[in-house]
Amino acid sequence: VQLQAFGGGLVQAWGSLRLSCAASGLTFSNYAKAWFRQAPGKEREFVAGIRWSGENTFYRDSVKGRFTISKDNAKNTVYLQMNSLKPEDTAVYYCAAGSRGTTVRLNYSYWGQGTQVTVSS
């Protein structure tokens, strides 16, 4: 099983980025998917999630209205569209898959390697 995240980069404040996470070795549609992030010196935190059915999405409060999680089952890929980025969004972003769609890190069994997002002011 491998999850590969990509699409990070350096962007100015109020800019946009789209992260992608491609899965191999598992059928993504059978799992809940999520994005977490970890800033230097901080704990890894939940950002956005989508349940296996794809009908329910959920977000941490600070990204609501700015970030959108979506999926493409045919491509076995999950996305995170990030708009109106702020310097405090700077972190390494990780995709994850698990049997339960929650905000709890321990509920996700499979993790990608992370992609760096840096937002300059």
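- No side-chain heavy atom of Val92 sits less than 4.5 Å from a side-chain heavy atom of Phe36.
- Grouping the Ile, Leu, Val, Met, Phe, Trp and Tyr side chains by contacts below 4.5 angstrom, directly or via other members, places Val11 with Trp35.
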Please walk me through it: do Thr68 and Tyr79 pass side chain to side chain contact (heavy atoms under 4.5 Å, CB included)? CA-CA 8 Å; Thr68 302; Tyr79 304 97; over 6 Å; no

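- The backbone N or O of Ala5 sits less than 3.5 Å from a side-chain atom of Gln113, completing a donor-acceptor pair.
- No single ILVMFWY cluster, assembled from side-chain heavy atoms under 4.5 Å apart, contains both Tyr108 and Tyr93.
- Between Asp61 and Lys64, at least one side-chain N (NZ, or NE/NH1/NH2) sits under 4.0 Å from a carboxylate O, which counts as a salt bridge.
- Between the side chain of Asn76 and the backbone N or O of Leu26 there is at least one donor-acceptor pair closer than 3.5 Å.
- Other residues, nucleotides and ligands contribute more than 12 heavy atoms inside 6.0 Å of the CH2 atom of Trp111.
- Under the 4.5 Å side-chain criterion, counting only non-hydrogen atoms from C-beta, Arg37 is not in contact with Thr90.
- In this structure, Phe46 and Phe58 have parallel ring planes: the angle between them is below the 30° cut-off, well short of the 60° mark.
- Residues Val119 and Leu17 fail the side-chain proximity criterion, which asks for heavy atoms closer than 4.5 Å.
- The cluster map of Ile, Leu, Val, Met, Phe, Trp and Tyr, joined by side-chain heavy atoms under 4.5 Å apart, puts Val1 and Val78 in the same cluster.
- For the pair Met82 and Val117, the minimum side-chain heavy-atom distance is below 4.5 Å.
- Without hydrogens or angle criteria, Asp72 side chain to Thr77 main chain gives no donor-acceptor distance under 3.5 Å.
- Of the possible donor and acceptor atoms, one in the side chain of Lys33 sits under 3.5 Å from a partner among the backbone N and O of Tyr31.
- Judged by the 6.0 Å and 45° rule, Arg44 forms a cation-pi pair with Tyr94.
- Using modelled atom types, one side-chain atom of Arg51 and one backbone atom of Gly101 make a donor-acceptor pair closer than 3.5 Å.
- Hydrophobic cluster membership is shared by Tyr59 and Leu19, with clusters built from Ile, Leu, Val, Met, Phe, Trp and Tyr side chains linked at under 4.5 angstrom.
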